[in-house]
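So that the names make sense, note that chain A is the first sequence line, chain B the second, and so on, each numbered from 1. On a predicted model such as this, the values are computed, not experimentally measured, just so you know.
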2 protein chains.
Amino acid sequence: MSGTAGMAMIASLLGEPARANMMAALMDGRALTAKELAYAAHVSAPTASGHLAQLTEAGLVSVERQGRHRYHRIAAPLIGQMVESIMAVASAAPDPRRLAWRGGEALRNARTCYDHLAGRLGVAIADALAARGDVRLAEDGGELTPSGQQSLGALGIVAAPRRGRVFCRPCLDWSERRPHLAGTVGSALACRCFELGWVTRQRDTRALAITEAGRTGFSEAFGVSLP
Amino acid sequence: MSGTAGMAMIASLLGEPARANMMAALMDGRALTAKELAYAAHVSAPTASGHLAQLTEAGLVSVERQGRHRYHRIAAPLIGQMVESIMAVASAAPDPRRLAWRGGEALRNARTCYDHLAGRLGVAIADALAARGDVRLAEDGGELTPSGQQSLGALGIVAAPRRGRVFCRPCLDWSERRPHLAGTVGSALACRCFELGWVTRQRDTRALAITEAGRTGFSEAFGVSLP
DNA sequence: AGAACGCTTCGGCGTCGGCCGAAATATCCG
DNA sequence: CGGATATTTCGGCCGACGCCGAAGCGTTCT
């Protein structure tokens with residue numbers, strides 16, 4: 001088997017709409033049950049089970065048994081980055097159909113990307129942090145400045161470097177086509193926003209709802225105002 | 001069409017061994033004819049033509065007519081990065097079959113990756129440059145230091161920042177599992193190595209042969225010695 | 001224990017898409 | 001203008017794979 005055969009195998013797993021839906025649903029970093037994934041992929045439970053077996057065997061998702069539930073999650077950050085890179089290409093592709101979306105507006109506004117904030121909200125926050133010198137984001141890397149540590153610390157965000165995870169990096173937002181904040185810092189920021197009740201998850205979608213508190217909070221903390 | 005459908009479409013294109021082979025063959029940044037790609041993919045010319053039409057329509061490859069030849073190349077760096085990220089996952093996947101390779105040894109030793117050097121050679125050079133402080137490579141970005149500019153300049157390498165291209169970044173090597181040098185700097189370095197005759201391309205593969213001059217040159221310039 | 005629930009396996013159906021050879025176009029060369 | 005080469009189109013074959021319902025297995029709840 002040559003290297004390209006491995007590539008084809010991985011890509012073909014993601015090349016099936018049902019499996020692509022599942023991976024996309026897992027991109028927010030949560031662990032989901034087979035049934036939830038079946039629903040997300042619009043297929044029956046048996047079909048989903050078969051797909052999950054394939055994804056698991058290939059090492060793209062890992063499962064964790066808890067009683068009669070089986071929780072599935074993306075197996076490694078590298079996998080998430082791959083999915084993200086494919087989405088970036090897909091959204092940039094000259095396919096006219098991509099313009100017509102079901103529920104795309106909510107997703108474009110605010111959503112999770114693996115475990116950080118994306119969409120207009122994510123990009124706006126990244127812009128705000130960059131503008132005031134709290135982070136420096138290049139196309140290919142980033143860093144959290146001392147002033148940024150202070151600013152985020154004031155919000156109760158402690159981003160400690162972790163082994164095996166990039167600390168601070170840009171992630172190309174597939175809807176906005178501009179970077180938002182990823183890595184440990186992005187994850188900690190998103191996590192804190194959930195804690196503060198600024199954003200809440202919604203059923204069956206990665207779209208996020210910005211709460212009243214969130215509107216106030218994002219405006220005061222970052223000068224960001226979104227619907 | 002939701003975002004995931006776009007992902008599935010792109011991924012399914014790469015999920016077919018023939019097309020994956022073609023994309024992999026194009027990963028060295030060269031432009032190849034349909035016939036060459038047919039050979040690389042081990043399919044007949046008609047089959048290759050069909051695949052190329054799909055890849056082109058999806059915007060993954062761009063074609064350039066020159067007389068009776070049609071040169072195909074990867075349409076954008078973003079595409080190359082996507083392919084690279086899939087390869088990285090594929091090579092990390094727990095698939096026992098990946099261990100048995102046809103001609104893998106040569107590829108592992110030295111090859112091109114899009115338009116820069118990869119494999120043991122690429123990683124060793126990146127290590128050497130990093131060790132002497134010529135470049136700084138983080139997991140998520142990199143920079144060329146003044147001393148690096150001088151070192152590379154002495155070899156006749158002028159890496160000028162270019163719009164729309166990352167200047168200096170690490171690229172996860174899918175065989176070594178460690179970063180090699182990419183971006184404008186990596187490209188200029190590879191280009192100069194070809195000019196100096198230190199490495200030569202080989203037919204029908206992305207593997208590179210290190211010449212006698214190359215052995216001397218790499219050893220003197222970077223302290224790197226490879227077969 | 002019995003029922004409910006989550007998940008997987010099995011069997012069969014249907015379709016999608018890759019593959020090739022032959023023939024049709026297009027382009028270059030002499 | 002022929003002949004050679006590169007590439008595409010066409011037609012038909014066939015295997016691979018996704019999909020579902022029904023049934024089987026294991027866990028939890030009452």
Side-chain angles (χ1 to χ4, degrees), chain A residues 1-2 4-26 30-58 60-73 95 97 204, chain B residues 1-2 4-5 7-26 30-58 60-73 97 204:
Chain A
M1 169 185 245
S2 89
T4 64
M7 168 165 68
M9 177 183 301
I10 298 294
S12 68
L13 286 174
L14 301 172
E16 195 61 34
R19 287 187 295 257
N21 285 331
M22 291 178 174
M23 292 301 285
L26 290 170
R30 282 182 298 179
L32 301 177
T33 66
K35 197 173 202 179
E36 290 170 316
L37 286 168
Y39 184 86
H42 310 296
V43 293
S44 69
T47 301
S49 179
H51 287 313
L52 286 170
Q54 293 181 64
L55 291 171
T56 303
E57 194 194 357
L60 297 188
V61 311
S62 58
V63 314
E64 196 178 329
R65 301 188 51 153
Q66 260 179 43
R68 60 180 163 182
H69 295 278
R70 291 194 144 186
Y71 287 98
H72 300 76
R73 67 171 70 247
D95 184 330
R97 277 175 291 175
D204 308 326
Chain B
M1 169 185 241
S2 90
T4 64
M7 168 165 68
M9 178 183 300
I10 298 295
S12 67
L13 286 174
L14 301 173
E16 195 61 34
R19 286 187 295 257
N21 285 332
M22 290 179 174
M23 292 300 285
L26 289 171
R30 282 183 297 177
L32 301 178
T33 67
K35 196 171 202 180
E36 290 170 315
L37 287 167
Y39 184 87
H42 310 297
V43 293
S44 69
T47 300
S49 177
H51 287 313
L52 286 170
Q54 293 180 64
L55 291 171
T56 303
E57 194 194 358
L60 297 189
V61 311
S62 58
V63 311
E64 196 178 329
R65 301 188 52 153
Q66 260 180 42
R68 59 181 163 181
H69 294 279
R70 291 194 148 186
Y71 286 98
H72 301 76
R73 66 171 70 246
R97 276 176 290 175
D204 309 326

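Residue B:His42 holds its NE2 atom at 7.0 Å from OG1 of A:Thr4, rounded to the nearest 0.5 Å.
Partner of A:His72 under the side chain to side chain contact (heavy atoms under 4.5 Å, CB included) criterion, out of A:Leu52, A:Thr33, A:Leu32: A:Leu52 alone.
Within the 4.0 Å cut-off from OP1 or OP2 of D:dG18, not a single side-chain nitrogen or oxygen of A:Thr47 is found.
Between B:Ala8 and A:Ala20, the shortest heavy-atom distance links the atoms CB-CB, 3.8 Å. Closest of all the heavy-atom pairs between B:Met22 and B:Leu55 is SD-CD1, 4.4 Å. Here the closest heavy-atom approach between residue A:Leu13 and residue A:Arg19 is recorded as O-NE, 2.6 Å. Closest approach of B:Ala38 and B:Ser44 over heavy atoms only: CB-O, 4.0 Å.
A donor-acceptor contact shorter than 3.5 Å is absent between the side chain of A:Arg65 and the backbone of A:Arg70.
With the nearest nucleotide of DNA chain D identified for both A:Arg65 and A:Glu16, A:Glu16 has the one nearer the 5' end. Taking for each of B:Ser44 and A:Ser49 the nucleotide of DNA chain C with the nearest heavy atom, the 5'-most of the two is the partner of A:Ser49.
In this structure, the nucleotide among D:dC19, D:dC29, D:dT7 sitting nearest to the side chain of B:His69 is D:dT7. Of the candidate nucleotides D:dT7, D:dG18, D:dT28, D:dG18 has the atom lying nearest to any side-chain atom of A:Gln54. If you check D:dA6, D:dC19, D:dT28 against the side chain of A:Val43, the one that comes closest is D:dC19.
Atoms CG (A:Leu52) and P (D:dG18) sit 13 Å apart, rounded to a whole Å. One atom, NZ of B:Lys35, and another, C1' of D:dT8, lie 14 Å apart when rounded to the nearest Å. Taking atom OH on B:Tyr39 and atom C1' on D:dT5, their separation rounds to 19 Å, with Å as the unit. To the nearest angstrom, C1' of D:dT30 lies 12 Å from CZ of A:Arg68.
Residue B:Ala45 is in base contact, counting any heavy-atom pair closer than 4.0 Å across all strands shown.
For DNA chain C, the contact window with chain A, defined by any atom under 4.0 Å from a protein heavy atom, covers C:dA4 to C:dT9 in 5' to 3' order.
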